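Let me begin by presenting the structure, written as C-alpha cells, before commenting on it.
Since this is a predicted model, take the numbers as computed values, not measurements.
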Amino acid sequence: MEQKQRTYEIRTGCDRGLCRAAVGRQDRQLNTYDWLADVPGNADTTDLVEVQFKHTRKGYYHNVNNLPLKKGDIVAVEASPGHDIGVVTLTGRLVNLQLKKANLKSEDDIKRIYRLARQIDMDKYREAKAREHETMIESREIAKGLGLKMKIGDVEYQGDGQKAIFYYIADERVDFRQLIKDLAAAFHVRIEMKQIGARQEAGRIGGTGPCGRELCCATWMKNFSSVSTTAARFQDISLNPQKLAGMCAKLKCCINYEVDNYIEQGRQLPSREVVLQTQDSDYFYFKADILAGLVTYSTDKRLAANLETITGERAKQVIEMNRKGEKPLSLQPDNVQKEPERPVDLLAGDSITRFDKAKKKKKKKKQPRKNEGKEQ
C-alpha cells in the first residue's frame with residue numbers, strides 16, 4: 001500500500017488534497033486561485049489558514065501545531081462547543097488579504113486548527129450531514145405551527161453534530177425565542193439562527209440563471225454589491241422587471257458587469273438633449289448603439305420619422321457647425337449618400353417564397369429488372 005502511495009505521489013505530485021502547488025481545479029464555491037503557491041517559503045509567512053465549510057461559510061484559523069497543510073486537506077477546527085470539519089482552501093500570504101476582506105472585528109474570532117480529520121471525525125461528520133435535509137423539513141413545520149412569517153432555507157450541522165445553524169429569510173423582524181426552544185427539544189442540539197437575504201439564499205441553494213450558466217453567486221462571486229436601475233438605464237436596457245430580475249427576484253448582479261464600459265463609451269457620444277439642425281429639418285435624439293458609437297436621430301420628437309443613423313463623431317461635427325451658425329445639407333457626410341429603401345412589391349415579381357431554399361431531391365430512375373418485359 002505504501003509503495004502504491006509513493007508511486008502516486010511521484011506521478012501526480014499529490015499525496016492528499018488537490019495538488020502540491022494548491023492551484024489545481026477547485027470544486028468548492030468561492031474558490032480563490034493561489035497564484036503565490038509556487039513561491040518558495042509562501043506557506044511559512046503566516047500561520048493563518050482559510051477553511052471553508054458548507055456552501056459559502058468560511059473561517060480563518062491559526063495553525064498552532066504547524067501542520068503541513070495543503071489546499072484540499074480536510075481538517076478538524078475549534079468551535080464552540082466541540083469541533084467542526086472543513087476543507088482548507090487557502091494558505092500563505094493571500095490569507096492575510098482575504099482576512100482584510102472578511103473584516104473581523106476581534107482577534108478572538110480567529111480560532112485554532114486541531115488536526116487533520118481522522119476516520120472517526122469523518123464518520124461523525126457524515127452522520128450529521130445526513131440529518132440536514134430532514135431537519136430542515138421538520139423545522140419548517142415547527143415554524144409554521146408557531147405562525148412565524150419566515151422561511152428556513154438551509155440547515156448546517158457542525159462537524160461533531162453538537163450544533164446546527166438554521167439559515168432563514170424574513171421580510172420583517174421575527175421573534176423566534178419559542179422557536180429555538182422547540183427546535184432544541186426536537187433535535188437535541190445547540191441552535192443558532194442566522195438571517196440571510198434573498199441573494200445569499202440563492203448563493204447557498206444554487207441554480208441556473210437565464211443565461212443558461214450556473215449562478216454567479218453560487219460559483220465565484222465573493223460579495224454582493226448593490227444593483228440599481230440606473231445601471232440598466234446607462235446600458236439602454238428595457239426596464240422590464242421580469243427581464244431584470246434574477247432567480248432571487250432581485251436585480252441581476254450581471255447588470256453591473258459592463259456598466260463602467262457603457263458609461264465610458266457614452267461620454268464620447270453627444271448629449272441626448274442637443275437638437276441637430278440641417279437645411280431640411282431639425283433632428284431629435286431617438287436611440288444610440290453605445291458600443292458601436294452610432295446615434296439615430298428622428299425628425300419627430302416623439303415618433304420614429306425619417307430616421308438617420310450617424311456616428312458620434314459626425315454628430316459632434318454637426319453640433320459644432322450649428323454653433324457657428326452653419327447648417328449642413330444633411331446629417332450624412334458629404335461623400336456618403338444614404339441608399340433609398342426600396343419597398344417590396346410582391347405583385348411586381350418578388351415571390352413570397354423567395355427565402356425558401358428547399359432543395360428538391362433528385363429522384364433516382366428505376367432500372368428495369370432482368371426478367372421485366374419478357375413473356376412468361
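Counting heavy atoms from C-beta on, the side chains of Val95 and Tyr60 come closer than 4.5 Å. Put simply, the side chain of Met193 reaches to within 4.5 Å of the side chain of Ile191, judged on heavy atoms. Residues Tyr283 and Val275 fail the side-chain proximity criterion, which asks for heavy atoms closer than 4.5 Å. A 4.5 Å side-chain heavy-atom check between Asp73 and Leu116 finds at least one atom pair inside the cut-off. Between Leu179 and Leu148 the shortest side-chain heavy-atom distance falls below 4.5 Å. Between Asp282 and Leu276, every side-chain heavy-atom pair lies at or beyond the 4.5 Å cut-off. Contact check for Val75 versus Ile85: no side-chain heavy atoms found under the 4.5 Å cut-off. Side-chain contact check for Arg314 versus Gln317: some heavy-atom pair is nearer than 4.5 Å.
Residues Asp236 and Arg272 are paired through a salt bridge, judged by an N-O separation under 4.0 Å between the basic side chain and the carboxylate. Under 4.0 Å is where a charged nitrogen must lie from a carboxylate oxygen, and between Lys149 and Glu172 no such pair does.
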Distance-only criterion, 3.5 Å: show the donor-acceptor pairs between side-chain atoms of residues 252-264 and protein atoms not counting sequence neighbours.
residue: Lys252; atom: NZ; partner: Lys243; partner atom: O; Å: 2.9
residue: Asn256; atom: ND2; partner: Ser226; partner atom: O; Å: 3.1

Hey, can you pull the donor-acceptor pairs under 3.5 Å for the side chains in residues 153-165, sequence neighbours left out?
residue: Asp154; atom: OD1; partner: Lys54; partner atom: NZ; Å: 2.9
residue: Asp154; atom: OD2; partner: Arg204; partner atom: NE; Å: 3.3
residue: Asp154; atom: OD2; partner: Arg204; partner atom: NH2; Å: 3.2
residue: Glu156; atom: OE1; partner: Arg57; partner atom: NE; Å: 3.2
residue: Glu156; atom: OE1; partner: Tyr167; partner atom: OH; Å: 3.0
residue: Glu156; atom: OE2; partner: Lys54; partner atom: N; Å: 3.4
residue: Glu156; atom: OE2; partner: Arg57; partner atom: NE; Å: 3.0
residue: Glu156; atom: OE2; partner: Arg57; partner atom: NH2; Å: 2.8
residue: Tyr157; atom: OH; partner: Arg131; partner atom: NH2; Å: 3.3
residue: Tyr157; atom: OH; partner: Thr135; partner atom: OG1; Å: 3.1
residue: Gln158; atom: NE2; partner: Pro81; partner atom: O; Å: 2.7
residue: Gln158; atom: NE2; partner: His83; partner atom: O; Å: 3.4
residue: Gln158; atom: NE2; partner: Asp160; partner atom: OD1; Å: 2.9
residue: Gln158; atom: NE2; partner: Asp160; partner atom: OD2; Å: 3.4
residue: Asp160; atom: OD1; partner: Gln162; partner atom: N; Å: 3.2
residue: Asp160; atom: OD2; partner: His83; partner atom: N; Å: 3.0
residue: Asp160; atom: OD2; partner: Gln162; partner atom: NE2; Å: 3.3
residue: Lys163; atom: NZ; partner: Glu192; partner atom: OE1; Å: 2.7

Identify every side-chain donor-acceptor pair in residues 295-302 under 3.5 Å, counting partners at least two apart or on other chains, and give the distances.
residue: Thr296; atom: OG1; partner: Thr309; partner atom: OG1; Å: 3.0
residue: Ser298; atom: OG; partner: Asp300; partner atom: N; Å: 3.1
residue: Ser298; atom: OG; partner: Asp300; partner atom: O; Å: 3.1
residue: Ser298; atom: OG; partner: Leu303; partner atom: O; Å: 2.7
residue: Ser298; atom: OG; partner: Ala305; partner atom: N; Å: 3.0
residue: Ser298; atom: OG; partner: Ala305; partner atom: O; Å: 3.1
residue: Thr299; atom: OG1; partner: Ala305; partner atom: O; Å: 3.1
residue: Thr299; atom: OG1; partner: Asn306; partner atom: ND2; Å: 3.2
residue: Asp300; atom: OD1; partner: Arg302; partner atom: N; Å: 2.9
residue: Asp300; atom: OD1; partner: Leu303; partner atom: N; Å: 3.3

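In terms of hydrophobic clustering, with Ile, Leu, Val, Met, Phe, Trp and Tyr side chains grouped at heavy-atom distances under 4.5 Å, Leu97 and Val39 are assigned to a common cluster. At a threshold of 4.5 Å between side-chain heavy atoms, the hydrophobic network of Ile, Leu, Val, Met, Phe, Trp and Tyr places Ile137 and Leu183 in one connected group. Under the 4.5 Å side-chain contact rule for hydrophobic residues, Leu251 and Ile237 share a cluster. By the rule that hydrophobic residues join a cluster once side-chain heavy atoms approach within less than 4.5 Å of another member, Val174 and Ile180 end up as members of one cluster. Tracing side-chain contacts under 4.5 Å through hydrophobic residues (I, L, V, M, F, W, Y), one reaches Val189 starting from Phe166; they form part of the same cluster.
By the neighbour-count criterion of 12 heavy atoms within 6.0 Å, atom NZ of Lys129 is densely surrounded, having more than that number from other residues, nucleotides or ligands. With a 6.0 Å radius and a threshold of 12 heavy atoms from other residues, nucleotides or ligands, Ile120 has its CD1 atom at or below the threshold. The 12-atom threshold is not exceeded at CG of Asp171, counting heavy atoms of other residues, nucleotides or ligands nearer than 6.0 Å. Few gaps surround CD on Gln195; more than 12 heavy atoms of other groups in view lie less than 6.0 Å from it. At most 12 heavy atoms of other shown residues, nucleotides or ligands fall within 6.0 angstrom of atom CD in Glu134.
When all heavy atoms of Pro328 and Val318 are compared, the pair lying nearest together is CG-CG1, 4.1 Å. The minimum heavy-atom distance linking Thr91 with Val88 is given by the pair CG2-CG1, 3.8 Å. Across all their heavy atoms, Val49 and Leu90 have their closest contact at CG1-O, 3.7 Å. Cys248 and Ala198 make their closest contact through CB-O, 3.5 Å (heavy atoms, listed as atom of the first residue, atom of the second, distance). Residues Met122 and Ala117 share a closest heavy-atom pair of SD-CB, 3.9 Å. Between Pro270 and Ala315, the shortest heavy-atom contact is CG-CB, 3.7 Å.
Note: Phe187 CZ to Asp182 CG = 10.0 Å, rounded to the nearest 0.5 Å. Once rounded to the nearest 0.5 Å, the distance linking CG of Leu291 with CD of Gln265 reads 6.5 Å. Leu94 contributes atom CG, which lies 12.5 Å from atom CG of Leu99 (distance to the nearest 0.5 angstrom). Residue Ile113 holds its CD1 atom at 12.0 Å from CG of Asp84, rounded to the nearest 0.5 Å. Here CD1 of Ile110 is found 12.0 Å from CD of Glu78. Values are rounded to the nearest 0.5 Å.
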- Test Lys250 against Leu244 for side-chain contact (heavy atoms from CB on, under 4.5 Å), laying out the working first. CA-CA 8 Å; Lys250 304 292 182 180; Leu244 294 181; over 6 Å; no
- Taking it one step at a time, do Gln277 and Met321 satisfy side-chain contact (heavy atoms from CB on, under 4.5 Å)? CA-CA 9 Å; Gln277 298 178 351; Met321 294 175 65; over 6 Å; no
- Please assess Asp280 against Lys327 for the test salt bridge (charged side-chain N to carboxylate O under 4.0 Å, His left out), listing each intermediate value before the final yes or no. CA-CA 9 Å; Asp280 297 334; Lys327 295 182 180 181; over 6 Å; no
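With sequence neighbours excluded, the residues forming a ring pair (Phe, Tyr, Trp, His ring centres under 6.0 Å) with Tyr168 are Phe176, listed by chain and number. Thr230 is linked by a side-chain contact (heavy atoms from CB on, under 4.5 Å) to Ser228, Arg233, Phe234, counting only residues two or more places apart in sequence or in another chain.
In summary, the side chains of Asn322 and Glu326 do not present any donor paired with an acceptor at a separation below 3.5 Å, with no hydrogens or angles considered.
For Lys316 (side chain) and Gln268 (main-chain N/O), a donor-acceptor pair under 3.5 Å exists by modelled atom type. Here the side chain of Glu50 pairs no donor or acceptor atom with the backbone of Gly59 at under 3.5 angstrom. Side-chain N or O atoms of Arg140 include one that pairs as donor or acceptor with a backbone N or O of Ile152 at under 3.5 Å. A donor-acceptor pair under 3.5 Å links the side-chain atoms of Thr278 to the main chain of Ser281, judged by distance alone. Judged by distance alone, the side chain of Asn65 and the main-chain N or O of Leu67 form no donor-acceptor pair under 3.5 Å.
The other residues sharing a hydrophobic cluster with Met247 are Leu215, where clustering joins ILVMFWY side chains under 4.5 Å apart.
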